[in-house]
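These notes concern the structure reproduced below.
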Amino acid sequence: MSQVLPAEGGLRRVIGDGESFPDGEVEGLGPDELLALYRNLVLLRTYDERSVVYHRQGRIGTYAIFWNHEAMQAGGVFALEERDWIFPAYRESAIGLLRGMPVSTVLSWWRGHPSGWWNPAEFNVASICVPIATQIPHAVGFAWGSALKGEDRVALTFFGDGATSEGSFHEGATFAGVMKAPVVLFCNNNHWAISTPLSAQTAAPTLADKAIGYGMPGIRVDGGDVLAVYQATREAVARARAGEGPTFIEAVTYRAAPHATADDPSIYIDLERVEVEKENECVGRFERYLLRAGVLTEARVEEIKQEALELMRTGIVEAEAEPPADPGLVFEHAYANPPPALADDLAELRRVLGE
Amino acid sequence: MSQVLPAEGGLRRVIGDGESFPDGEVEGLGPDELLALYRNLVLLRTYDERSVVYHRQGRIGTYAIFWNHEAMQAGGVFALEERDWIFPAYRESAIGLLRGMPVSTVLSWWRGHPSGWWNPAEFNVASICVPIATQIPHAVGFAWGSALKGEDRVALTFFGDGATSEGSFHEGATFAGVMKAPVVLFCNNNHWAISTPLSAQTAAPTLADKAIGYGMPGIRVDGGDVLAVYQATREAVARARAGEGPTFIEAVTYRAAPHATADDPSIYIDLERVEVEKENECVGRFERYLLRAGVLTEARVEEIKQEALELMRTGIVEAEAEPPADPGLVFEHAYANPPPALADDLAELRRVLGE
Amino acid sequence: MSERFLVEAVNDALHVELERDPTVLVMGEDVGRLGGVFRATAGLRERFGADRCVDTPLAEAGILGTAVGLCMAGWRPVCEMQYDAFSYPALDQLINHVGRYRWRTRGKMSFPLVIRMPYGGGVRAPELHDDSPETYYVHTPGVKVAIPSTPADAKGLLAAAIRDPDPVVIFEPKLIYRTARGEVPEGEHVVPLGEARVAREGSDVTLVAYGAMVPLAERAAEALEDEASCEVLDLRSLKPLDEDSLLASVGKTGRAVVVQEAPRVCGFAAEVAAVLAEKAIFDLRGPVLRVTGYDVPYPYWQIEDAYMPSVERVRDAVRRLLSI
Amino acid sequence: MSERFLVEAVNDALHVELERDPTVLVMGEDVGRLGGVFRATAGLRERFGADRCVDTPLAEAGILGTAVGLCMAGWRPVCEMQYDAFSYPALDQLINHVGRYRWRTRGKMSFPLVIRMPYGGGVRAPELHDDSPETYYVHTPGVKVAIPSTPADAKGLLAAAIRDPDPVVIFEPKLIYRTARGEVPEGEHVVPLGEARVAREGSDVTLVAYGAMVPLAERAAEALEDEASCEVLDLRSLKPLDEDSLLASVGKTGRAVVVQEAPRVCGFAAEVAAVLAEKAIFDLRGPVLRVTGYDVPYPYWQIEDAYMPSVERVRDAVRRLLSI
Ligand SMILES: Cc1ncc(C[n+]2csc(CCOP(=O)(O)OP(=O)(O)O)c2C)c(N)n1
Ligand SMILES: Cc1ncc(C[n+]2csc(CCOP(=O)(O)OP(=O)(O)O)c2C)c(N)n1
Ligand SMILES: [Mg+2]
Ligand SMILES: [Mg+2]
């Protein structure tokens with residue numbers, strides 16, 4: 001049995017506060033990488049902020065906001081190779097952007113348009129998983145199956161603090177431990193599951209304390225610190241690649257935006273804490289770090305933001321230019337060899353629609 | 001948040017080996033209690049051994065053997081008050097005997113006869129739970145609900161090592177922690193789930209290490225040592241009663257008998273280890289302890305065993321004297337107010353049966 | 001009486017029943033602090049306290065499993081499943097315990113729990129917020145199922161469910177949560193389980209429906225006014241099923257179209273058709289037609305209207321039937 | 001050809017398919033070291049190694065959930081659920097993922113997994129070893145279901161399921177695991193999904209059945225020989241359903257009795273009756289009768305015979321039908 005250390009207590013941090021806590025750095029990350037990471041953060045941030053606007057304008061449907069979750073998403077993915085797979089929850093709906101997925105694809109998903117449904121194998125990004133925690137066993141099975149085939153592919157799955165209460169989390173983590181699957185279980189602990197606070201979700205001292213129950217290390221990291229997230233994930237990925245099995249990462253943050261566009265958190269959330277969190281949001285933190293380090297200039301910041309905005313502008317135009325979906329698509333893709341009844345149904349529908 | 005200590009490493013023991021490891025004792029247990037506990041062990045052992053015989057004779061159906069699990073069952077229950085509830089798995093099918101349930105009732109259950117189905121409120125023993133781990137949330141809900149009503153009732157639920165992999169275990173334990181439910185989660189770790197060894201069940205260093213993930217203490221105890229089991233459970237029950245919430249107990253043993261009458265473990269089990277375990281089986285261990293302590297004499301042993309055998313003899317006679325079940329019972333008890341269709345079905349059945 | 005939306009009637013019923021019976025409690029994800037994602041449980045936590053309107057961990061099997069234990073401790077839990085498709089993790093507890101435990105005690109213990117959930121499509125929602133899972137529930141022995149289509153019934157059926165000694169599942173048509181509006185009796189109001197309602201009288205065809213399909217069937221009946229006299233039968237209760245009303249209506253009209261959102265195969269419309277094929281075969285003047293969702297995943301919302309039964313599809317079925 | 005019991009034919013199919021396709025693997029509780037509690041997977045671990053016949057943790061949702069991931073990694077997992085009623089924890093993965101994932105990728109990825117499980121009653125077993133859960137599966141879009149009644153079909157349907165690009169569930173009638181015995185082709189043997197089988201020809205009544213109800217229907221047909229000529233139609237595949245064979249048979253006989261072990265409400269017999277009520281209404285000379293399990297928990301085994309469809313009940317239904 002491999003040795004398992006108790007979960008870490010404190011939160012790992014790299015980025016300083018420009019005052020008492022000094023900036024650290026991550027070995028192996030040069031200016032190019034740091035800039036690339038920053039660009040990813042900005043891309044996600046811009047996607048998120050614009051999506052909220054598009055929703056208000058009625059151009060996309062209900063939308064699950066991930067504002068201030070960008071450091072976890074970008075930092076986690078930055079530790080992967082292209083051949084590694086990502087298994088997102090709905091909170092990471094735009095994670096494909098980091099793999100070159102067109103903006104219009106993700107927007108189309110939120111527009112309820114078929115062009116929002118992609119081929120996971122094209123981006124090594126699984127479909128958005130709407131039911132909480134159920135993607136975890138998928139990631140584990142994928143990682144286990146890849147290792148069985150002798151393929152060097154790691155799987156990383158994102159999920160929330162609430163997700164750790166689901167049986168699916170438990171069963172997935174159990175399989176991961178037993179199969180020594182090369183998988184990273186990445187928990188975004190934003191302290192809320194819609195309106196349910198972490199204290200009503202679990203009595204565990206920390207979520208990372210769950211890891212030992214599956215025989216895997218549990219790491220705790222500041223979820224607003226993209227470098228700390230990257231570093232922790234890189235460690236986990238290295239373990240996975242070395243055949244040492246899964247790692248549980250608890251990235252700690254606080255949800256500073258509504259759960260989704262339909263939600264009004266003012267009924268339940270700690271608004272003061274939200275203000276603090278907003279002040280300290282993750283993109284700005286990294287930006288200031290890079291400015292301090294001289295890797296970034298104000299001008300470059302502006303440029304990168306404009307690039308991202310431009311991508312969004314094109315993306316929404318493309319998404320809106322998609323031709324209306326053919327109702328006949330209702331009958332496509334459910335089966336490779338559909339039962340004959342479906343053809344009759346389609347014919348009937350076409351007749352009724354007068355087509 | 002209450003303080004949670006890491007799970008214990010070593011196994012608690014009280015009973016010595018008559019050689020290097022000295023006998024301990026449990027505060028508060030006088031000769032009367034020790035004898036009562038012994039009687040319970042013998043009752044369960046006798047029930048189990050006779051049941052295997054009855055099965056061979058075709059007098060009961062498939063039967064799940066609990067040989068060498070008696071110390072966990074009797075020791076755990078001895079720490080409860082009558083008003084406390086027990087939520088058994090199928091491995092604890094005869095646990096009601098410790099609450100005055102007639103032997104014939106339990107035998108009837110294994111005979112597939114309706115008189116084997118009891119009223120839980122009569123014995124404070126829930127129904128035998130056949131699907132693995134699903135009784136755990138019941139116990140938690142019961143404990144939580146009792147506490148909400150201001151009633152001083154603890155629930156204890158038994159389950160196996162295999163059960164800890166099920167989502168139901170996880171969700172039950174999560175609720176227990178959050179609701180601070182007065183419940184004891186008692187895990188019989190006999191190292192096997194049918195043919196699946198513990199090592200293929202989980203990568204956790206110990207099962208008790210799962211406890212911290214639910215914010216509860218995890219205790220490890222020698223499952224063949226009835227006094228150690230009793231003492232650990234008493235501690236857990238005291239915590240529950242004091243409003244300090246749930247406790248996870250891992251009682252460690254090794255399955256020395258087939259999973260059930262239909263099973264042939266020789267295909268998969270470690271037969272040498274089984275022999276060691278049989279040598280050291282739990283009833284004999286306690287018996288020798290009591291003989292060494294002078295609480296028991298050989299004559300008394302014989303008497304107690306005969307009493308238990310006599311109970312069994314009466315029990316099987318009673319069970320076999322039950323009148324054949326009326327087929328009409330098929331339609332009883334499913335609903336308090338059955339849908340009208342059931343009455344028609346019954347009438348039809350009676351007609352077809354020519355009644 | 002007062003005018004309420006359907007979801008408000010649900011909220012009203014919960015207030016009345018929690019007030020009336022101190023052993024009733026509400027539990028589920030986000031039912032407390034938030035008052036439910038649809039606000040169905042709004043105000044309960046403030047009025048009855050956090051112990052009787054419990055925000056649970058995110059664990060549906062845990063919700064239903066602990067509810068079984070709560071029943072054994074003397075409570076009558078009303079469990080909210082946040083959405084139809086998120087109730088599936090609890091099916092194991094439903095089938096193996098909720099539906100069986102009373103039987104297991106030979107009728108000595110009751111399990112008077114309620115499961116309620118918003119269900120159904122047509123709301124332009126992301127994936128898996130649109131299912132109509134009633135078959136999984138109604139097929140399960142020991143479990144009753146009711147589905148209201150009006151605010152008054154939403155209140156009355158939920159009250160009946162809460163008072164019923166058996167486990168009852170109430171599916172609330174979320175499509176009409178805030179469009180169905182109507183008079184709802186104040187205070188205690190109970191609509192007995194097992195009684196269908198003739199929503200519209202007619203003589204040529206019976207449209208059998210429940211939930212959000214009832215107003216749809218009514219619109220179809222209206223659209224067909226010049227061609228056929230349609231009776232609309234709102235089943236309200238799937239189990240127990242009011243066979244008498246069903247047979248009476250089809251006995252009168254001789255024709256039936258059954259409308260259901262759920263996928264067709266083994267949907268409840270099949271059960272209705274089977275009852276008719278057994279008990280009304282000589283009354284039927286033509287085939288029993290089913291207008292249903294299809295045997296495919298509920299689609300992305302831009303084309304969901306093509307999946308959902310529509311006035312056009314119902315009208316087409318009626319016309320086909322009448323042309324035979 | 002060689003004579004085999006039904007469960008041996010299952011084992012044979014697994015050996016042949018694992019040999020044929022190195023991406024097929026078997027997983028489940030006790031399938032490896034033990035070879036399955038019914039020995040259906042015996043010998044696989046020895047022959048193909050522990051990686052291709054995997055003893056999993058005791059966690060059904062984990063089994064099916066990881067199987068989805070295994071498919072994405074290029075495997076074709078064959079998942080054993082140890083018993084019918086223990087498959088329910090996996091329903092969530094089944095409904096929300098197994099049945100939907102291909103659609104979610106717009107057909108770009110396949111999920112060629114198989115779920116197989118022993119099912120059904122009559123075996124004098126403790127509680128919850130007797131369920132017939134096919135409705136939960138067949139109602140689920142994206143999922144195919146087949147149920148053999150003979151050793152040859154048990155082999156051929158399982159082979160077809162393993163080779164099929166869609167998820168397929170195979171229910172194996174445990175009642176006849178070691179009583180149904182017959183010739184089974186050696187080596188590769190595939191019985192296509194979606195084709196019913198006329199198990200016995202007849203002209204007065206069609207007995208529609210599947211699984212362990214097929215030999216029962218055959219016995220009933222025999223018992224009725226002097227009174228009626230019964231055709232026995234073994235559906236074999238519930239989805240896709242062979243409607244042509246069903247309609248052809250009932251078109252010929254004009255009468256149908258559908259036999260199913262599962263509880264009646266929304267059982268597959270309802271689907272069959274509904275298809276007949278829609279597509280054969282003018283062929284029917286009497287009601288479509290259902291002989292099924294009841295809407296109650298499967299009982300303690302001393303009275304299980306009263307719950308299970310019997311020759312007597314089928315005969316009674318046929319007589320009633322013929323007397324109309
Ligand atoms: C199985 C399931 N139950 C309920 C829901 C409804 N729901 C959507 S998001 C959410 C909260 C998730 O919280 P968490 O896991 O902490 O993730 P976060 O939203 O904070 O990223 C809930 C309950 C769901 N999607 N799936
Ligand atoms: C949900 C479920 N899955 C599978 C089974 C079949 N089964 C019966 S006992 C058993 C092993 C249980 O092992 P464990 O929990 O260690 O308890 P033990 O039998 O060792 O006491 C299994 C898999 C079941 N009863 N329920
Ligand atoms: Mg969260
Ligand atoms: Mg065990």
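From a predicted model like this one, the values you see are computed outputs, not experimental measurements. Note on naming: letters A, B, ... go to the chains in the order of the sequence lines (proteins, then strands), and numbering restarts at 1 for each one.
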(message) At a 4.5 Å cut-off on heavy atoms, which part of V54(C) comes close to chain B: side chain, backbone, both, or neither?
(response) side chain
(message) Which one wins on heavy-atom pair count under 4.5 Å against chain B: G107(C), G142(C), P77(C), P240(C)?
(response) G142(C)
(message) Let's test your reading of the structure: which of C71(C), G74(C), G99(C), A73(C) forms the most heavy-atom pairs below 4.5 Å with chain B?
(response) A73(C)
(message) Please identify, among I128(B), L148(B), I136(B), the residue contributing the most non-hydrogen atom pairs under 4.5 Å to chain C.
(response) L148(B)
(message) Could you check whether any side-chain heavy atom of V68(C) comes within less than 4.5 Å of a side-chain heavy atom of F142(B), counting everything from C-beta outward?
(response) no
(request) Can you see which heavy atom on P57(C) is nearest to which on V178(B), and at what distance? (result) CG-CG2, 4.1 Å
(message) At a 4.5 Å cut-off on heavy atoms, which part of L25(C) comes close to chain B: side chain, backbone, both, or neither?
(response) side chain
(request) Could you look at A155(B) and say if it's the side chain, the backbone, both or neither that has a heavy atom under 4.5 Å from chain C? (result) neither
(message) Restricting to side chain to side chain contact (heavy atoms under 4.5 Å, CB included), what partner residues turn up for L349(B), sequence neighbours left out?
(response) F331(B), L353(B), Y294(D), A306(D), R313(D)
Using distance alone, with no hydrogens and no angle check, list the donor-acceptor pairs under 3.5 Å between chain C and chain B.
| from | atom 1 | to | atom 2 | distance (Å) |
| --- | --- | --- | --- | --- |
| A61(C) | N | E171(B) | OE1 | 3.1 |
| G62(C) | N | E171(B) | OE1 | 2.6 |
| G74(C) | O | K149(B) | NZ | 3.2 |
| W75(C) | NE1 | G145(B) | O | 3.0 |
| Q93(C) | OE1 | H138(B) | NE2 | 2.8 |
| Q93(C) | NE2 | T134(B) | O | 3.1 |
| H97(C) | NE2 | T134(B) | OG1 | 2.7 |
| Y101(C) | OH | S127(B) | N | 3.1 |
| W103(C) | N | H333(B) | O | 3.2 |
| R106(C) | O | H333(B) | ND1 | 3.2 |
| G142(C) | N | Y335(B) | OH | 2.9 |
| K144(C) | NZ | N337(B) | O | 3.2 |
| D166(C) | OD1 | A336(B) | N | 2.7 |
| D166(C) | OD2 | A336(B) | N | 3.0 |
| D166(C) | OD2 | N337(B) | N | 3.1 |
| K239(C) | NZ | Y335(B) | OH | 3.1 |

